[in-house]
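Structure first, commentary second.
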Amino acid sequence: MPRIETLCVQGGYSPANGEPRQIPIIQSTTFRYDTSEDMGKLFDLEAEGYFYSRLQNPTCDTVAARICALEGGTAAMLTGSGQAANFYAVFNIANAGDHVVASSAIYGGTYNLFAVTMKKMGISFTFVSPDCTEEELDAAFRPNTKAVFGETIANPALTVLDIELFARAAHRHGVPLIVDNTFATPVNCRPFEWGADIVTHSTTKYMDGHGSAVGGCIVDSGRFDWAAEPGKYPGLTEPDESYHGIIYTEKFGLGKAFITKATSQLMRDFGSVQSPQSAFLLGLGLESLHVRMQRHCENAQAIAEYLAAHPRVSWVNYCGLPGNKYYDLARKYLPNGSCGVVSFGVKGGRKAAEAFMKALRIAAIETHVADARTCCLHPASATHRQMNDEELLAAGVSPDLVRLSVGLESREDLIADLDQALASIE
Ligand code: PLP
């Protein structure tokens, strides 16, 4: 098996003699066939192939195959955004009347998707602390629980998920663990190696890496047995009448059932596709992911150390700092580095944080994280503004928290920028 660096550059695409060296952009909504019979086989899921880019497109599938190889999965699909990836990953196995256990330390958009929008669809969620004990986690399960969800490194709380503990609990209750691996990327952590069953990504972040294209991805480990408990996952184990009664687990096996169902039902009906152009940019980003992640982590580590020693900084949260609550978990799950995102509090609270951010010259104020350019955000007044103080604290976001996404600029220039901005606070 090629190493991660080789997979970043070449995974998922091996051109034959005379074919393009770079992944071609197949900018076509539609595909031609000689006979209706040929096309009919595609509609019946009897043959593999493309007919309409709302469901599948060759460029998207090639890039998905690269991410699949990076995560060590059996099947993968791209989605139009990370939000779509998390929605599909859960909705593919949970129906109205079902229940999901999720870590409370997750991205604010995902929290809203679960607690508000999917709740309206009849799916209920129990949020547990990412630091909960196995007993506390066990207590969150119900007979109708269909999945457990967490983020490897939570945005913006930067908690590190004890993937093995969450996977053990999920499997004890006969459900899969879904892990959003956006911040770590498969370069720094491959959740399948620790027991996770499904991995999701906002590829908008480090994978694209240049702030160019919104996108998402879902990868299946192919290890979760959907048929183990009869009737528990009927969407995968019972006939789908919209495809002449095929049964996904029987026809596609455990390796491909989950992704085939998500593509042929959810993509068909909701259409949150990634464009071939965006997939191409994502593929380009993946080619340097291993090099960029290393530099993001080195820069972030240096900046976290600088901030921790600064008299105007009240606290720093970065799991690479000895003494951080997640230092040991990070050494276990993220031995080569975590990510480029550091959070900290500026003495003087909300007002001082705002003044500091205004004074920055290299780092810009953005809602985005995890691309080449350094940026920062005050989540309590932006991404998490829909949460009350209690919910903010449960998500690990204090009102004075500044999230700094450390980019690929010179570490010395970045520290000089932070230095002048901190010095400018009155
Ligand atoms: N998951 C995580 C961990 C994120 O940080 C984000 C966005 O910031 C998302 C999912 C949603 O992704 P997108 O913005 O691509 O829809």
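Note that ligands are numbered from 1 as they come in the structure, with each ligand's atoms numbered from 1 the same way.
Between the side chains of S264 and Y248, at least one donor N or O sits under 3.5 Å from an acceptor N or O. Under the 3.5 Å distance criterion, with hydrogens and angles disregarded, no donor-acceptor pair is assigned to the side chains of N299 and H296. H99 and T126 share a donor-acceptor pair across their side chains, judged by distance under 3.5 Å alone.
A donor-acceptor pair under 3.5 Å links the side-chain atoms of D417 to the main chain of A363, judged by distance alone.
To the nearest 0.5 angstrom, Y52 atom OH is 12.0 Å from N57 atom CG.
For R331, the CZ atom counts as loosely surrounded, since its 6.0 Å shell holds 12 or fewer non-hydrogen atoms of other residues, nucleotides or ligands.
Contact residues for ligand 1 (protein heavy atom closer than 4.0 angstrom to any ligand atom): S81, G82, Q83, N86, Y107, E151, N155, D180, T182, F183, S202, T204, K205, G215.
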